[in-house]
Protein chains: 2
Amino acid sequence: MGGHGHALETLKETGHRLTPQRLLVLEAIAEGGGHMGAEEVLARVQKVYPYMDISTVYRVLGLLEDLGLVTHITTPEGTRYELVRGGERHHHMVCRACGRTWDMSTRFLADLGEAVWKEYRFRADMAHFTLQGICKDCLSADNNPMSGGETP
Amino acid sequence: MGGHGHALETLKETGHRLTPQRLLVLEAIAEGGGHMGAEEVLARVQKVYPYMDISTVYRVLGLLEDLGLVTHITTPEGTRYELVRGGERHHHMVCRACGRTWDMSTRFLADLGEAVWKEYRFRADMAHFTLQGICKDCLSADNNPMSGGETP
DNA sequence: GTTCCTCTTGCAACAGAGTGCAATTGCAAC
DNA sequence: GTTGCAATTGCACTCTGTTGCAAGAGGAAC
């Protein structure tokens, strides 16, 4: 089946029930691969189980996220969910122009987190970090001058 | 009156009308000082002008933001607006525990933006950047171990 | 296989944010 | 002081995400 590895065990071990709705949500995001919206998860599940409700999708995604099986990022197009696959941690860059999501190494944020900790004793939580901006494709496509000049 | 300096001139210069609703929103955020939600702006305005509508608040805040007179940040408690006061640019750190907002020097993000540009040719937009985490007060209050260990 | 109890679900209702449109109004020209 | 008209407002509605609650179901104990 899907690619949701040890997810079922994690659910049982933490004392949660193995309901069809949870299995279906897990399968949907595993098959979907990339970053999916709640509405897309709902659509996929409803192909198999038409009674699925959007509120259940949100609750199941929330639970899976609490268990560390799923993460979400916030894009201008709304919240997107993705399966956490062992080890391959990364952050995201979302292009304001084309809407695509790019992966970013954790290295950059580790540096930022450390700097902020040293200066302010603020323990930054990078879990759902998303950088907004313009990707290289869109930059070269139209020579966008980006009013405001945020980057030196 | 309030502390909204050259805001009125900016509105006129850019060919926008000086409506009572706009003046009231401007006064509200100027008097409010810190970071206010749209609902709080509405409440303040309605003390003087009870017919004010929430959609107008959003549209006026959007306009003021386009003109660079106001910025918004996104916190776990929702979107917050603040008056842009000459020169003193900064970013924000929001504490997940107490909800307070702290200012952060632009320096840290400038470094991040440059690093990401060099590596990925992604032009990051830091305008509405907000770092989430736990502030030093809440860290010392209860010795929160922060499951997940995001900061090394 | 039944029973029981708590966890989950589906539904409906709600909150925050934003949009389309007809009615209203600021204000420039007279 | 009037007039005219585009910019703006208020209302109703949409869209995403969340919550309260009664009905339903997983699964441990028997």
Side-chain angles (χ1 to χ4, degrees), chain A residues 7-26 28-29 35-43 45-46 48-67 70-81 94 99 128 130, chain B residues 7-26 28-29 35-46 48-67 69-81 94 99 128 130:
Chain A
L8 306 187
E9 291 92 89
T10 307
L11 269 175
K12 296 193 92 171
E13 281 165 17
T14 50
H16 291 95
R17 293 184 185 161
L18 227 64
T19 67
Q21 289 88 342
R22 287 173 180 172
L23 298 186
L24 288 168
V25 166
L26 225 25
I29 45 175
H35 308 92
M36 309 176 65
E39 213 64 42
E40 194 181 342
V41 174
L42 177 66
V45 172
Q46 282 185 334
V48 169
Y49 174 63
Y51 303 109
M52 190 69 170
D53 191 83
I54 186 68
S55 70
T56 303
V57 171
Y58 280 114
R59 277 186 283 222
V60 170
L61 287 173
L63 170 66
L64 297 177
E65 188 153 17
D66 285 347
L67 298 179
V70 160
T71 2
H72 80 261
I73 60 172
T74 305
T75 80
E77 279 83 42
T79 310
R80 294 288 176 273
Y81 297 85
V94 180
H128 309 305
T130 309
Chain B
L8 307 186
E9 291 92 88
T10 308
L11 268 174
K12 297 193 92 171
E13 281 166 17
T14 49
H16 292 95
R17 291 185 185 162
L18 226 64
T19 67
Q21 289 89 340
R22 287 173 179 172
L23 298 187
L24 289 168
V25 166
L26 225 24
I29 45 174
H35 308 91
M36 310 176 65
E39 213 64 41
E40 195 182 341
V41 173
L42 176 67
R44 277 173 186 266
V45 171
Q46 283 186 334
V48 170
Y49 173 64
Y51 303 108
M52 190 69 170
D53 191 83
I54 187 66
S55 68
T56 303
V57 171
Y58 280 114
R59 277 186 283 222
V60 170
L61 287 173
L63 171 66
L64 296 177
E65 189 152 17
D66 285 348
L67 298 179
L69 300 170
V70 160
T71 1
H72 79 262
I73 61 172
T74 305
T75 81
E77 279 84 42
T79 309
R80 294 287 176 274
Y81 297 85
V94 179
H128 309 305
T130 308

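Predicted model, so just to flag it, every value in this text is computed and none were measured. A note on names: the letters A, B, ... follow the listed sequences, proteins ahead of strands, and every chain is numbered from 1.
Distance Asp53(A) CG to dT19(D) P: 15 Å, rounded to the nearest Å. Residue Ile54(B) contributes atom CD1, which lies 14 Å from atom P of dT19(C) at whole-angstrom precision. We find that OH of Tyr51(B) is positioned 19 Å from C1' of dA12(D), with the value rounded to whole Å. As rounded to whole Å, 17 Å separates atom C1' of dT16(D) from atom CD1 of Ile73(A). Atom P of nucleotide dT8(D) and atom NZ of Lys12(B) are separated by 13 Å, given to the nearest angstrom. Following rounding to the nearest Å, Tyr58(A) (OH) and dG20(D) (C1') show an atom-to-atom distance of 18 Å. Between Tyr49(B) atom OH and dT25(C) atom C1' the separation is 10 Å, expressed in whole Å. Spacing between atom NE2 of His16(B) and atom P of dA28(C) amounts to 14 Å, rounded to whole angstrom units.
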Report task. With side-chain contact (heavy atoms from CB on, under 4.5 Å) as the test, would you mind laying out the steps for Tyr81(B) and His72(B) before giving the verdict? Result -> CA-CA 4 Å; Tyr81(B) 297 85; His72(B) 79 262; 3.6 Å; yes
Report task. Please report the C-alpha distance between Met52(B) and Leu24(B) in whole Å, then the side-chain angles of each, then the deciding distance to 0.1 Å, and finally whether the side-chain contact (heavy atoms from CB on, under 4.5 Å) criterion is met. Result -> CA-CA 10 Å; Met52(B) 190 69 170; Leu24(B) 289 168; 5.7 Å; no
Query raised in the report: Where do Arg22(A) and Arg17(A) land on the side-chain contact (heavy atoms from CB on, under 4.5 Å) test, with the steps shown first?
Result: CA-CA 9 Å; Arg22(A) 287 173 180 172; Arg17(A) 293 184 185 161; 4.1 Å; yes
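Proximity of Val57(A) to Val45(A): side-chain heavy atoms (C-beta onward) are nowhere separated by under 4.5 Å. For the pair Leu63(A)/Leu11(A), a side-chain contact is recorded, criterion being any heavy-atom separation below 4.5 Å from C-beta on.
Thr79(B) comes within 4.0 angstrom of sugar-phosphate atoms only, judged by non-hydrogen atoms across all strands, and of no base. No engagement by Glu39(A) is indicated, since no non-hydrogen atom pair under 4.0 Å with the nucleic acid exists. Residue Leu18(B) is in sugar-phosphate contact alone, with no base atom involved, counting any heavy-atom pair closer than 4.0 Å across all strands shown. Among the heavy atoms of the strands lying under 4.0 Å from Thr19(A) are primed sugar atoms or P, OP1, OP2 only; no base atom is included.
Contact detail for Glu77(B) and Arg80(B): the closest heavy-atom pair is O-NH2, 3.3 Å. The shortest heavy-atom contact between Ala38(B) and Ile54(B) is O-CD1, 4.0 Å. Minimum heavy-atom separation, Ile73(B) to His35(B): CD1-CD2, 4.0 Å.
Looking at Arg80(A), its side chain has no donor and acceptor atom pair within 3.5 Å of the base of dG17(D).
Arg22(A) has a side-chain polar atom (N or O) that falls below the 4.0 Å cut-off from OP1 or OP2 of dT8(C). OP1 or OP2 of dG10(C) lies within a sub-4.0 Å distance of a side-chain N or O belonging to Gln21(A).
Candidate nucleotides dT16(D), dT9(C), dT9(D) were compared by shortest atom distance to the side chain of Thr56(B), and dT9(D) ranks first. In this structure, of dT8(C), dG10(D), dT6(C), it is dT6(C) that holds the atom nearest to the side chain of Arg17(A). Closest to the Ser55(A) side chain, of the nucleotides dG26(D), dT19(D), dG18(C), is dT19(D). Relative to the side chain of Arg59(A), the nucleotides dC21(D), dC21(C), dG18(C) differ in distance, and dC21(D) lies closest.
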Query raised in the report: Dot-bracket for DNA chain D, 5' to 3', counting Watson-Crick or G-U wobble pairs under 3.5 Å, with [ ] for crossing pairs and | for inter-strand pairs?
Result: ||||||||||||||||||||||||||||||
